[in-house]
There are 2 protein chains.
Amino acid sequence: MFSKSCEYGLRAVIFIAQQTTKNNMVSLSTISEEINSPQAFTAKVLQQLTRSNIVKSVKGPYGGFTIEDNKMNTKLSEVVSVLDGDAIYTGCGLGLKQCDANSPCPLHFKFVEIRDGLRNMLENTSLLSIAEDMNTDFTILKR
Amino acid sequence: MFSKSCEYGLRAVIFIAQQTTKNNMVSLSTISEEINSPQAFTAKVLQQLTRSNIVKSVKGPYGGFTIEDNKMNTKLSEVVSVLDGDAIYTGCGLGLKQCDANSPCPLHFKFVEIRDGLRNMLENTSLLSIAEDMNTDFTILKR
DNA sequence: AGATTAAAAGACCTTTTTATCCTTTTTATA
DNA sequence: TATAAAAAGGATAAAAAGGTCTTTTAATCT
Ligand code: FES
Ligand code: FES
């Protein structure tokens, strides 16, 4: 479904969001331990999210990653879009160069339902809401 | 969503199914032209589908690929499963080693809905039904 | 100022996926 | 039986994804 970059990125940003609700700045090494991801590779992913202004990075002692207040309502769809592009929201399920309801592939109408379901789910899920859920439910970010 | 192998495989098998309803045996070169896919690569994919007994291949002059009557009710889910495995039906959206409702990731319950929607759609769509649809609707397999 | 801490950036390596080429095997039919 | 058609199979190559390592930049604390 998602690339490894995107999986790590989502787990990382969710972890950072959750820690942000507790006012904790978290370092790369903490993140990669807590989400069980390769550290150097995760660094690359976080750089992309930093450049996209989804997370904020702070260098030096006591530095790390955090999410600014007004970014806590970032939707998961934006994170996916930054890391995997938006082919997943617009692409043809059978790989035609573009998806077009006016000359659809045989799977188009069934596929678009699923694709839109995914997009709506991601567009309606903010980092803040996930972080709040995590503080009440028992959910995990590593296994 | 799907790998290139799977996209080509789905398009190929759908094309073969449609031609099968007209009693046409189709050659690799015809298939790769009609679905606009790299011929040699498509050959590899069709070999997998042949070994999985989803399509039948016939060597020699007037040979090619066809689908036997009792295989026309093969579901798209089986084709996807052969070519991409079933991680797409069972895997965690955030990439945890396994998806488990008893210790779910923060996206689990929202993700499972989408994932099951996709699986149900593919499990309920047979080659025959797609082929029949194509004979009434205008749909395409190349662009 | 100098030492230390931590992220950013870029070069590099490895594995997997995608794709091509060429030879071999099978088979229909002239 | 020779020939041509067509799939099968193997070797290889190119591209993309996944991952590591080293150097640079920035912040903090003596
Ligand atoms: S054209 Fe294939 S999904 Fe829309
Ligand atoms: S545990 Fe992540 S989707 Fe089920």
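Order of the sequence lines fixes the chain letters, A, B, ..., with proteins taken first and strands second; residue numbering starts at 1 for each chain.
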> Which ones in residues 89-96 of chain A lie close to DNA chain C, meaning a heavy atom under 4.0 Å from one of its atoms?
Replying inline: none
>> Can you pull out the residues from residues 7-31 of chain B that lie within a 4.0 Å heavy-atom distance of DNA chain C?
In response: B/Tyr8
>> Set out, in order, the CA-CA distance, both residues' side-chain angles and the distance that settles side-chain hydrogen bond (donor to acceptor under 3.5 Å, both in side chains) for A/Arg11 and A/Ser37, then state yes or no.
In response: CA-CA 9 Å; A/Arg11 301 220 299 273; A/Ser37 67; 5.6 Å; no
Does the [X] side chain pair with the main chain of [Y], one donor and one acceptor, at a distance under 3.5 Å?
X: B/Asp100; Y: B/Asn102; value: yes
X: A/Arg143; Y: B/Ser103; value: yes
X: A/Arg115; Y: A/Ile88; value: no
X: A/Thr125; Y: A/Leu122; value: no
X: B/Lys142; Y: B/Ile140; value: no

> Nucleotide range of DNA chain C contacted by chain A, 5' to 3', under 4.0 Å to a heavy atom?
Replying inline: C/dT5 to C/dA11
> Any side-chain donor-acceptor pair under 3.5 Å between A/Asp84 and A/Ser3?
Replying inline: yes
>> Test: ring-ring contact (aromatic ring centres under 6.0 Å, His included). Region: residues 76-95 of chain A. Which pairs qualify, not counting sequence neighbours?
In response: none
>> Show, in sequence, the C-alpha distance, side-chain angles and deciding distance for A/Gln48 and A/Lys44, and conclude whether the side-chain contact (heavy atoms from CB on, under 4.5 Å) test is met.
In response: CA-CA 7 Å; A/Gln48 291 185 71; A/Lys44 296 293 184 195; 5.6 Å; no
Rounded to whole angstroms, how far apart are [atom1] on [X] and [atom2] on [N]?
X: B/Leu49; N: D/dG9; atom1: CG; atom2: C1'; result: 16 Å
X: B/Leu46; N: D/dA8; atom1: CG; atom2: P; result: 8 Å
X: A/Phe2; N: D/dA17; atom1: CZ; atom2: P; result: 16 Å

> So B/Tyr8 and B/Phe41, would you call those rings parallel, tilted or perpendicular, with 30° and 60° as cut-offs?
Replying inline: perpendicular
>> Using a strict heavy-atom distance below 4.0 Å, which residues from residues 38-45 of chain A are in contact with DNA chain D?
In response: A/Pro38, A/Ala40, A/Phe41, A/Lys44
>> For nucleotides 25-30 of chain D, give me one character per nucleotide, 5' to 3': B if any protein heavy atom sits under 4.0 Å from the base, S if the only such contacts are to the sugar-phosphate, - if neither.
In response: BSBSS-
> Can A/Ser77 and A/Arg119 be said to form a side-chain hydrogen bond (donor to acceptor under 3.5 Å, both in side chains), step by step?
Replying inline: CA-CA 7 Å; A/Ser77 56; A/Arg119 201 193 57 231; over 6 Å; no
> Can we say B/Glu7 and B/Lys4 salt-bridge, meaning some charged N sits less than 4.0 Å from an Asp/Glu carboxylate O?
Replying inline: yes
> side-chain contact (heavy atoms from CB on, under 4.5 Å) with B/Met25: which of B/Thr30, B/Thr66, B/Thr20, B/Ile16?
Replying inline: B/Thr66
> A/Ile67 pairs by side-chain contact (heavy atoms from CB on, under 4.5 Å) with which of A/Leu49, A/Val55, A/Leu128?
Replying inline: A/Val55
>> With heavy-atom distances below 4.5 Å as the criterion, would you say the side chains of B/Phe111 and A/Met1 are in contact?
In response: yes
